[in-house]
There are 2 protein chains.
Amino acid sequence: MNQPIQGQSGQALLFLTDDQLRKGIEAMFFAYRGFTADPDRILEDMAYGRAHHRAIHFIHRSPGTTVNNLLGILGVTKQSLNRVLRTLIADGLVSSTVGHRDKRERHLHLTEKGAALERSLSDAQRERMRTAYRAAGPVAVAGFRQVLEAMMDDEMRHHYRAMVDKPDGR
Amino acid sequence: MNQPIQGQSGQALLFLTDDQLRKGIEAMFFAYRGFTADPDRILEDMAYGRAHHRAIHFIHRSPGTTVNNLLGILGVTKQSLNRVLRTLIADGLVSSTVGHRDKRERHLHLTEKGAALERSLSDAQRERMRTAYRAAGPVAVAGFRQVLEAMMDDEMRHHYRAMVDKPDGR
DNA sequence: CTAGTCATGTCAACATCACTGACGTATTGT
DNA sequence: ACAATACGTCAGTGATGTTGACATGACTAG
């Protein structure tokens, strides 16, 4: 089991049993629960949910992003996103400014208040990530990222690469 | 960056920047989308959703499991699970039989019809997993599983280990 | 044997988050 | 001028989750 077999292009092929794959599937399921657990706990007290977290995360990640860009990244309908953005803007966590070049566009930024919430959310999530990374070690981390990237849909991998390649997220 | 630093217990510590951790967070987000995309596509035509998929998966995984056990694994309220189970039983995908030793318990099994749906769902998901595993290679796969396991909550890791250690899922 | 606990099912009410479809407004590009 | 684009919004619907309350039958400890 798990023995590399030489493929035609020189790439190592794996003999993968259904059982091995199932373990990976269940690992994804349980790990994603842990992954979202900490931010969920913080958000449940406020009137916000996971959708707000995602919006806040990617606005922080790409300040000045447009609504359309965010739609592509999040992969939801504009009605869904709008409901979230409306409350975030009304509560003063996100600012929406008319575009300079193209006045149809709205550029989204976090306010001080929004940045503070983002920090508390991502601190919790990063802490869990840091612990997991340390427990697993650098080689495991590299493999982790490789497998995740290979698991994405093409469009999502495109978004992911575009963001990851940016040096510091601005 | 990413240089291992020798920790006090001989364990390698990592110097982890917020930026590296953020990439891991985003990788999880995008990869999970891909992970659920194929089953979601199959289910959207029927009256079922992701919750039905999860129930079917774990009933297949542990045939004869009780409602309470399933509640612990899925981490939802009994009202939520019951709504899903009710439709699955009514549609003849799942059978519920009174316990032998303890007649309060109900033992859940997939019917032929339920097993057929499970197969089509897991075939799609396994195929994506297999492709990702092959693309990343055996070392990456081991690291992937290590990091995911380290990311789980204790309770979920307990469920995970209990299931993974079983030889063939029965 | 009685009382308490347990496993399950169910009703009602409600919140979040997603969807489709339609419509309006302002702006931009051809 | 006209079409396409970016955005916002209204209305309706569905899946999934929650809390709280209540009922039934079965086991279990006193």
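Just so it is clear, the model here is predicted, and its values are computed rather than measured. Chain identifiers are assigned alphabetically (A, B, ...) following the order of the sequence lines, protein sequences preceding nucleic acid strands; residue numbering begins at 1 within each chain.
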Practice task
Keeping the roles fixed (side chain from A:Asp102, backbone from A:Arg104), state whether a donor-acceptor pair exists under 3.5 Å.
Solution key: yes
Practice task
Say whether B:Glu26 and A:His57, considering side chains only, have a donor N or O and an acceptor N or O under 3.5 Å apart.
Solution key: yes
Exercise for the section: Could you pick out which residue, A:Ala51 or B:His107, lies toward the 5' side of DNA chain C when each is mapped onto its nearest nucleotide? Expected result: B:His107
Practice task
May I ask you to check whether A:Phe29 and B:Phe58 place their ring centres under 6.0 Å from each other?
Solution key: yes
Completion exercise
Between NE2 of B:His52 and P of D:dA15 the distance, given in whole Å, is 8 Å
Practice task
Report yes or no: does A:Gln125 contribute a side-chain atom to a donor-acceptor pair with the main-chain N or O of A:Phe35 at less than 3.5 Å?
Solution key: yes
Exercise for the section: Can you tell me the distance, in whole Å, between the CD atom of B:Glu105 and the C1' atom of C:dC6? Expected result: 10 Å
Exercise for the section: Starting at atom CZ of A:Arg106, determine the distance to atom P of D:dT5, rounded to an integer number of angstrom. Expected result: 18 Å
Practice task
Kindly indicate whether the side chain of A:Arg83 and the base of C:dA18 share any N or O donor-acceptor pair separated by less than 3.5 Å?
Solution key: yes
Exercise for the section: Verify the distance criterion only: is there a donor paired with an acceptor across the side chains of B:Thr65 and B:Asn69 at less than 3.5 Å? Expected result: yes
Practice task
Ignoring backbone atoms, test whether B:Thr77 places a side-chain nitrogen or oxygen under 4.0 Å from the OP1 or OP2 oxygen of D:dG17.
Solution key: no
Practice task
Mind calculating the distance between CG (A:Leu71) and C1' (D:dC7) to the nearest angstrom?
Solution key: 9 Å
Exercise for the section: Figure out the CG/P separation between A:Asp40 and D:dG17, and round it to whole Å. Expected result: 13 Å
Handout entry: OP1 or OP2 of D:dA6 under 4.0 Å from side-chain N/O of A:Thr66
Key = no
Problem - Nucleotide C:dT16, atom P - distance to CG of A:Asn82 in whole Å - result: 16 Å
Exercise for the section: Indicate whether OP1 or OP2 belonging to D:dT5 is found under 4.0 Å from a side-chain N or O atom of A:Asn68. Expected result: no
Practice task
Measure from the side chain of B:Gln79, starting at C-beta and using heavy atoms only, and say which of C:dA12, C:dC17, C:dT20 lies closest.
Solution key: C:dA12
Distances under 3.5 Å between nitrogen or oxygen atoms of protein and nucleotides 24-27 of chain C:
| unit_1 | atom_1 | unit_2 | atom_2 | d |
| --- | --- | --- | --- | --- |
| C:dT27 | O2 | A:Arg104 | NH1 | 3.4 |

Exercise for the section: Write down the distance between CZ (B:Arg50) and C1' (D:dG14), rounded to a whole number of angstrom. Expected result: 15 Å
Problem - Phosphate OP1/OP2 of D:dT9: any A:Arg86 side-chain N/O under 4.0 Å - result: yes
Practice task
Go through the side-chain N and O atoms of B:His107 and B:Ser96 and say whether any donor and acceptor fall under 3.5 Å apart.
Solution key: no
Problem - salt bridge (Lys or Arg N to Asp or Glu O under 4.0 Å) between A:Asp153 and B:Arg33, intermediate numbers included - result: CA-CA 8 Å; A:Asp153 270 345; B:Arg33 297 273 300 281; over 6 Å; no
Exercise for the section: Would you kindly give the OH-to-C1' distance between A:Tyr48 and C:dA15, to the nearest whole Å? Expected result: 15 Å
